[in-house]
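First comes the structure, then the notes that go with it.
This is a predicted model, so every value here is computed, not measured. Letters go in sequence order (proteins before strands), and every chain restarts at 1.
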Protein chains: 2
Amino acid sequence: MIVTIKDVAKKANVAPSTVSRVIANSPRISEKTKKKVREVMEELGYHPNFQARSLAAKSTQAIGVIMPNSAYYAFQNPFFPEVLRGISTSAHDNKYGIYLSTGSTEDEIYNEVTSMVLGRRVDGVILLYSRINDKTMNFLQSSNFPFVVVGRPDEHDERISYVDNDNIFITKQVTNYLIDLGHQNIAFVGGSTDFVVTVDRLNGYKLALKDAGISFKKEYMVFEDFIKENGRKAIESLMNLNDPPTALVTQDDLIAYEMISHLEDMGIRVPQDISIVSFNNLMLSEHSKPPLTSIDICIYQLGFEATKCLLEKISIPDTLPKRITIPTKFIERKSCEQKK
Amino acid sequence: MIVTIKDVAKKANVAPSTVSRVIANSPRISEKTKKKVREVMEELGYHPNFQARSLAAKSTQAIGVIMPNSAYYAFQNPFFPEVLRGISTSAHDNKYGIYLSTGSTEDEIYNEVTSMVLGRRVDGVILLYSRINDKTMNFLQSSNFPFVVVGRPDEHDERISYVDNDNIFITKQVTNYLIDLGHQNIAFVGGSTDFVVTVDRLNGYKLALKDAGISFKKEYMVFEDFIKENGRKAIESLMNLNDPPTALVTQDDLIAYEMISHLEDMGIRVPQDISIVSFNNLMLSEHSKPPLTSIDICIYQLGFEATKCLLEKISIPDTLPKRITIPTKFIERKSCEQKK
DNA sequence: CTGAAAGCGCTTACAG
DNA sequence: CTGAAAGCGCTTACAG
């Protein structure tokens, strides 16, 4: 049979309410009573029931983590285990559990989130992506439920708490790095433009070009949909331009690997013929050929800080919205070269 | 204010129990009543409270998913997002949620699992790894709680439900493939020997050698701890043997990439000088250089079937333990060559 | 410092 | 086909 608070109370000769207070470690209970009750709990193998606790206390001690739908480039992307590690470390430090939602379509995600929130499965939510005009985010905001976004919200970013890198700035820097190496024909290979991160990075890229007086070419932008459909063709169409790029800014190491592979097949060498700089600094990037020059966006920290921020908001509901910027590291390796 | 079953009942002029039955879509309620109640639910924006439901019905509609601790080689490994995708597809199809546990030490995992189970946070558990003499697994089994393992349990495997590849067999096959290419000096580069998967694959490897009359050499085995500490040194010590291997069976594509990188640095070419065959067939492996010959272990299916199996066990408690074997695919690419 | 009582929002025999 | 009542295992004012 299941051991309840009543069983413990009876055996310890106290009221159930006292046992409850011992569990919560209330300062209003004497050490002596606490000791006795704890002994009985131990003896009986008592374990508090989460559901009952949640119902009575109106707190679930769980946070919801919402992954983007799998259409997002590369669900095989190590980004997710890594954020998750950051999230769970912070969550467990605070005795919170993680409730995971991974819809395969936007609607599925939306439904899962609404039922999670309205059904009080969780005390707060972390959105692991930011998409343009996202109805899930809109729902979260209008329902006034504690949530934080990993990424920059498309709208109302002054009213939403979020954790992000400074994507515009770092992409500008990275592009400048290529420009300083003498490159003028720099292409941008991005994820889906539905995501704010893509838009931000694209803007950083454009900014750098503008500052350097390099005109921006539409043909130099390639996005996820095209790559996913036919990565080979995507890069071919880029390299077959009259004025092919001599450098690439790629949004993810995984995409960079694929690009490099196709390029080599086409007889184009990295970095001798084309330079590549990328994002995420996956573990592998150190060992790829050539070793990838990449931006370490500190994925773990992104998750860790987002959780910390959420937990704060849960415990102090009128916490002001804040933006946390996670610094990045430029890891220079061997995929870029001075333009000849 | 929160809308409860009572509010709906009052407005619809029925008893709360009737509303409850409408939610459960009980056949004992007339269509007419159902319709009326549903309209009111819609109108009031009613959403069932999970905690209350769980408490009364003694079912949480959630499964716990236990990840191995991050010490496991490569938490950046795409294995996890991929199993998770399989798990969540199956779970959501059945209206189950996913409760994630990711301890960073064995003890943390153990504590999370016990509190999850004893505290009735979940209806069942999926263990995403199988480790030798694992106290978490032992706890699960002795507490008679529904659970299934992804991987082969170390002990009592006839009494535990699990989903696995036939690791012994496939590793034997893979090793034979290398033997057929003329290789005699074949090394095994594995994960941690704490995990059953490593042991099984090692056994498959040994079996193939034995059948071919090749004597097994201890120096030809390299394991995780050594690699993690110093991957470069690990491979160097292998290649500096009097009789260095001409082929490698590697447990994971990620490790294979690292090995290849070190080998090239040492001036040893893959596949000309050394052949490599590996496991997991990551998305990248198609694009790596050389394209990796790898075993696709069907990670998604592993997760999907494990969940199906668990859900069955939850709904029919006396379901017999079963073993489900997920077939694998041998993806031949260009990392192996005939021995010269 | 401790207890009796009400209540969190549901489900489910039981009765009709 | 529907309702009244008890109960799931906790927490938390309120009272002393």
Side-chain angles (χ1 to χ4, degrees), chain A residues 1-38 40-41 44-62 95 97 115-123, chain B residues 1-38 40-41 44-62 95 115-123 315:
Chain A
M1 257 326 284
I2 286 170
V3 182
T4 74
I5 218 172
K6 279 189 193 168
D7 303 319
V8 175
K10 193 176 290 173
K11 183 129 189 177
N13 280 320
V14 295
S17 43
T18 301
V19 178
S20 172
R21 290 190 187 102
V22 173
I23 295 170
N25 199 17
S26 158
R28 285 163 48 200
I29 301 293
S30 72
E31 278 311 317
K32 200 181 146 205
T33 307
K34 279 185 185 170
K35 183 157 176 277
K36 185 176 60 183
V37 171
R38 281 186 185 130
V40 175
M41 289 190 338
L44 260 40
Y46 170 76
H47 262 265
N49 179 306
F50 282 115
Q51 320 299 339
R53 211 199 148 277
S54 298
L55 188 59
K58 298 190 166 308
S59 132
T60 62
Q61 291 287 112
K95 313 253 174 245
S115 97
M116 197 149 135
V117 168
L118 268 10
R120 306 282 144 179
R121 268 250 216 222
V122 297
D123 293 341
Chain B
M1 257 329 283
I2 286 169
V3 182
T4 73
I5 221 174
K6 278 190 192 169
D7 303 320
V8 176
K10 192 175 288 176
K11 185 133 191 174
N13 279 320
V14 295
S17 43
T18 300
V19 177
S20 172
R21 291 192 186 99
V22 173
I23 295 169
N25 199 17
S26 158
R28 287 162 47 199
I29 302 290
S30 73
E31 278 310 319
K32 201 180 146 208
T33 307
K34 279 185 184 172
K35 184 157 175 280
K36 188 177 61 182
V37 171
R38 282 185 184 132
V40 175
M41 289 190 336
L44 260 39
Y46 170 75
H47 263 265
N49 179 305
F50 281 115
Q51 319 298 341
R53 208 198 149 280
S54 299
L55 187 59
K58 297 188 168 308
S59 130
T60 62
Q61 291 287 111
K95 313 252 174 247
S115 96
M116 197 149 136
V117 167
L118 267 8
R120 307 282 145 180
R121 269 249 217 224
V122 297
D123 293 340
S315 61

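Atom CG of B/N49 is separated from atom C1' of D/dC10 by 14 Å (rounded to the nearest Å). As rounded to whole Å, 20 Å separates atom P of D/dC8 from atom NE2 of A/H47. Summarising the geometry, the separation between NZ on B/K36 and P on D/dT2 is reported as 8 Å, rounded to the nearest angstrom. The nearest whole Å value for the distance from the CZ atom in A/R121 to the P atom in C/dG9 is 17 Å. Taking atom OH of A/Y46 as the reference point, atom C1' of D/dG9 lies 7 Å away to the nearest angstrom. A straight line from NZ of A/K10 to P of C/dA4 spans 13 Å, rounded to a whole angstrom. With rounding to whole Å, A/L118 atom CG is found 15 Å from C/dG9 atom C1'. With rounding to whole Å, B/I5 atom CD1 is found 16 Å from C/dG7 atom C1'.
Between A/N13 and B/A57, the residue whose closest nucleotide on DNA chain C is further toward the 5' end is A/N13. Along DNA chain D, the nucleotide nearest B/A56 and the nucleotide nearest B/S30 are compared for position; the residue whose nucleotide lies closer to the 5' end is B/S30.
Counting non-hydrogen atoms under 4.0 angstrom, B/K58 reaches the backbone sugars and phosphates but no base. Using a 4.0 Å heavy-atom distance criterion, A/V19 is classed as making no nucleic acid contact. Counting non-hydrogen atoms under 4.0 angstrom, A/F50 reaches nothing in the nucleic acid. Using a 4.0 Å heavy-atom distance criterion, B/T33 is classed as a sugar-phosphate-only contact.
Side-chain contact between A/V40 and A/Y46: absent, with no pair of heavy atoms (C-beta onward) separated by less than 4.5 Å. Annotation: side chain of B/V37 is in contact with side chain of B/M41 (closest heavy-atom distance under 4.5 Å). B/K36 is listed as a side-chain neighbour of B/V14, based on a closest heavy-atom distance under 4.5 Å. At a threshold of 4.5 Å between non-hydrogen side-chain atoms, the residues A/V8 and A/V22 do not count as touching. In this structure the side chain of A/I2 reaches within 4.5 angstrom of the side chain of B/R120, judged on heavy atoms.
The minimum heavy-atom distance linking A/L55 with B/A52 is given by the pair CD1-CB, 3.7 Å. Across A/A62 and B/R121, no two heavy atoms sit closer than the pair CB-NH1, 3.9 Å.
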Given Watson-Crick and G-U pairs under 3.5 Å, DNA chain D in dot-bracket ([ ] crossing, | other strand) is |||.||||||||.|||
*Determine, stepwise, if the pair B/N49 / B/T4 fulfils side-chain contact (heavy atoms from CB on, under 4.5 Å).*
CA-CA 8 Å; B/N49 179 305; B/T4 73; over 6 Å; no
Let's go through B/K35 and B/S30 carefully: what are the C-alpha distance in whole Å and the side-chain angles of both, what is the deciding distance for side-chain contact (heavy atoms from CB on, under 4.5 Å) to 0.1 Å, and is it a yes or a no? CA-CA 9 Å; B/K35 184 157 175 280; B/S30 73; over 6 Å; no
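To the nearest 0.5 Å, atoms CD1 (B/I23) and CZ (B/R38) are separated by 10.0 Å.
Applying the 4.0 Å criterion to OP1 and OP2 of C/dC10, one finds that B/S20 has every side-chain N and O outside that range. Checking the phosphate oxygens (OP1, OP2) of C/dC10, no side-chain nitrogen or oxygen of B/S54 falls inside 4.0 Å.
Proximity note for B/L55 (side chain, C-beta onward) versus C/dC1, C/dT11, D/dG9: the nearest is D/dG9.
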Could you list, one pair per line, each protein nitrogen or oxygen that sits under 3.5 Å from a nitrogen or oxygen of nucleotides 13-16 of chain C, together with the distance?
residue	atom	partner	partner atom	Å
C/dA13	N6	B/R21	NH2	2.5

